[in-house]
Amino acid sequence: MAAMWRAAARQLVDRAVGSRAAHTSAGSKKIVGVFYQAGEYADKNPNFVGCVEGALGIRDWLESKGHHYIVTDDKEGLNSELEKHIEDMHVLITTPFHPAYVTAERIKKAKNLELLLTAGIGSDHIDLPAAAAAGLTVAEVTGSNTVSVAEDELMRILILLRNFLPGYQQVVKGEWNVAGIAHRAYDLEGKTVGTVGAGRIGRLLLQRLKPFNCNLLYHDRLQINPELEKEIGAKFEEDLDAMLPKCDVVVINTPLTEKTRGMFNKEKIAKMKKGVIIVNNARGAIMDTQAVADACSSGHIAGYGGDVWFPQPAPKDHPWRYMPNHAMTPHISGTTIDAQLRYAAGVKDMLDRYFKGEEFPVENYIVKEGELASQYK
């Protein structure tokens, strides 16, 4: 089936690529960027470029080259600002932190679209098979926020294990009850931590965890280089269901694909230790939303933390907002100021290459010439 799909996709690409080639240098281009609105915070940091107002810091550069650059945060529905520009835009820049969902329907409408860029890491908000079939190129700034996300994961592990948030809330409310915090606060040392996925972020998290003297496990479709595995002190677990019951802490570091969507359902969560800590900065849709909320309420999950939801922005009635013992925030881990500067530079570099008809760094491609990157297949 996979071979048949690739052959069919190739035929569609061959027909489409003449009019929708990814690397075209002729004429002025219409480029649309969809980012989160900064509002009152826009002027508080000159390096705050990842917002609508900052526009990745590339407006002057693009306009000096004769291109038309439109930036908005309005992305949902037929009357949105994004929808007004779909039919004639050449490039769409999106971000995981305020995702513009690029559906097959939108791709079909986008007659001039050639290139989809993700300012950051993770392009699952795009219908990748539809993009491939249409002859589009999809690319992201690989590695741009790896450090940012791995550091955030480590922070959330510690916040949940040490039962930090109830202590903070006591101080804010003018209370003082040590027992109310200490009865479920634990050290990280000696705990077994398993990451589901050991790509760039997962590996970096394992390296960051090594000084805490944890027992480190990882599950991935590929095993880490043996020398690095030995250096980190992590053990490969081929069978995810066998790894989960061993873990005091489970960290989700796998991409969202059709295989991983809803992977952590009621049955999968039941395989984990009672009292497990889960941190998920990967994608919200990897989890069964209600199953997580129910397990937090029952105490099977002792703490759940992360910054990814489905959909995003999360609606006010999302059950994760109200479940006990959570350390949830908006999608912020990969959009630190440092990360913004890295992914803004990466987007500018790829646009410059696109205008010149040059190839992108190979690791940045998610869809190229009808083929999906291996992690999305």
Side-chain angles (χ1 to χ4, degrees), residues 22 29-39 41-42 48-63 67-128 130-131 134 136-141 144-145 256 283-285 307-315 330-336 339-351 354 364 366-367:
K29 301 295 181 183
K30 183 173 184 178
I31 299 157
V32 177
V34 180
F35 313 114
Y36 54 81
Q37 189 80 238
Y41 304 103
F48 191 5
V49 296
C51 55
V52 167
E53 294 84 348
L56 298 184
I58 58 176
R59 182 179 294 283
D60 290 346
W61 173 71
L62 284 172
E63 293 179 351
H67 303 298
H68 188 31
Y69 187 34
I70 295 164
V71 177
T72 183
D73 70 327
D74 184 17
K75 61 189 179 71
E76 303 293 345
L78 295 176
N79 296 319
S80 66
E81 186 68 19
L82 171 60
E83 200 74 20
K84 295 175 186 176
H85 302 286
I86 282 179
E87 288 191 4
D88 63 346
M89 65 184 179
H90 298 92
V91 180
L92 176 61
I93 307 169
T94 60
T95 170
F97 316 106
H98 186 70
Y101 293 102
V102 184
T103 61
E105 291 75 18
R106 279 181 161 173
I107 289 171
K108 188 175 180 180
K109 289 180 186 177
K111 304 300 183 185
N112 291 341
L113 186 60
E114 298 166 348
L115 176 62
L116 290 159
L117 292 177
T118 297
I121 302 172
S123 299
D124 47 88
H125 54 284
I126 298 166
D127 187 325
L128 297 176
L136 302 178
T137 291
V138 181
E140 58 189 40
V141 191
S144 59
N145 51 22
L256 176 63
R283 287 296 181 266
D307 69 334
V308 288
W309 310 67
F310 184 78
Q312 289 187 182
H331 196 167
I332 57 169
S333 64
T335 188
T336 63
Q340 289 175 46
L341 292 173
R342 288 190 293 264
Y343 63 68
V347 167
K348 183 178 180 180
D349 175 69
M350 287 191 286
L351 285 172
Y354 162 70
N364 287 6
I366 302 302
V367 175

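- Distance check: Leu351 CG to Leu115 CG gives 7.0 Å after rounding to the nearest 0.5 Å.
- Distance check, rounded to the nearest 0.5 Å: NE2 of His331 to CH2 of Trp309 gives 12.0 Å.
- When every heavy atom of Gly57 is checked against every heavy atom of Val49, the shortest pair comes out as N-CB, 4.1 Å.
- Between the side chain of Glu114 and the main chain of Val91, no donor-acceptor pair closer than 3.5 Å is present.
- Leu256 has its side chain out of reach of Phe310: every pair of non-hydrogen atoms, C-beta onward, lies at least 4.5 Å apart.
- Put simply, the side chain of Gln37 reaches to within 4.5 Å of the side chain of Glu53, judged on heavy atoms.
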Asn145 and Thr336: CA distance, side-chain angles, deciding distance, side-chain contact (heavy atoms from CB on, under 4.5 Å) verdict: CA-CA 8 Å; Asn145 51 22; Thr336 63; over 6 Å; no
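- Across all non-hydrogen atoms, the minimal contact from Ala100 to Leu82 is CB-CD2, 3.8 Å.
- Here the shortest heavy-atom pairing between Thr335 and Gln340 reads O-NE2, 3.0 Å.
- Between the OH atom in Tyr101 and the CG atom in Asp124 there is a gap of 8.0 Å [rounded to 0.5 Å].
- When all heavy atoms are compared, the tightest approach of Pro96 to Ile121 is CG-O, 3.3 Å.
- A donor-acceptor pair under 3.5 Å links the side-chain atoms of Lys75 to the main chain of Pro99, judged by distance alone.
- Exactly one residue among Arg59, His67, Met89, His68 makes a side chain to side chain contact (heavy atoms under 4.5 Å, CB included) with Ile31. That residue is His67.
- A distance-only check finds a donor-acceptor pair linking the side chain of Thr103 to the backbone of Arg106 [under 3.5 Å].
- Under a 3.5 Å cut-off, the side chain of His90 and the backbone N or O of Lys30 do form a donor-acceptor pair.
- What you find for Ile107 and Ala130 is that their closest heavy atoms are CD1-CB, 3.9 Å.
- The backbone N or O of His98 lies less than 3.5 Å from no partner atom in the side chain of Gln312, so there is not a single donor-acceptor pair.
- No side-chain donor-acceptor contact under 3.5 Å links Thr95 and Tyr343.
- Residues Leu136 and Val367 are not in side-chain contact: their nearest non-hydrogen atoms beyond the backbone lie 4.5 Å or more apart.
- Rounding to the nearest 0.5 angstrom, the gap separating the SG atom in Cys51 from the OH atom in Tyr36 is 6.5 Å.
- Here the CG-NZ distance, from Leu62 to Lys29, works out to 13.0 Å after rounding to the nearest 0.5 Å.
- The only member of Ile93, Val71, Val102, Leu92 that meets side chain to side chain contact (heavy atoms under 4.5 Å, CB included) when paired with Val34 is Leu92.
- Between the side chain of Tyr69 and the main chain of Ile58, no donor-acceptor pair closer than 3.5 Å is present.
- Listed for the Glu140 side chain is no donor-acceptor partner under 3.5 Å among the backbone atoms of Thr118.
- With hydrogens and angles ignored, the 3.5 Å screen pairs a side-chain donor or acceptor of Ser80 with a backbone N or O of Gly77.
- Using a 4.5 Å cut-off on side-chain heavy atoms (C-beta onward), Val347 and Val141 make contact.
- Proximity of a side-chain donor or acceptor of Asp307 to a complementary backbone N or O of Ser333 within less than 3.5 Å is detected.
- Residues Ala119 and Phe35 approach most closely at CB-CE2, 4.5 Å, considering heavy atoms.
- Rounding to the nearest 0.5 Å places CD1 of Ile126 at 8.5 Å from CG of Leu117.
- Lys84 and Glu81 are joined by a salt bridge, as a carboxylate oxygen and a charged side-chain nitrogen come within less than 4.0 angstrom of each other.
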From CA spacing to verdict: side-chain hydrogen bond (donor to acceptor under 3.5 Å, both in side chains), Tyr354, Thr137: CA-CA 10 Å; Tyr354 162 70; Thr137 291; over 6 Å; no
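- By the 6.0 Å contact criterion, CD on Glu87 is open, its count of non-hydrogen atoms from other residues, nucleotides or ligands being 12 or less.
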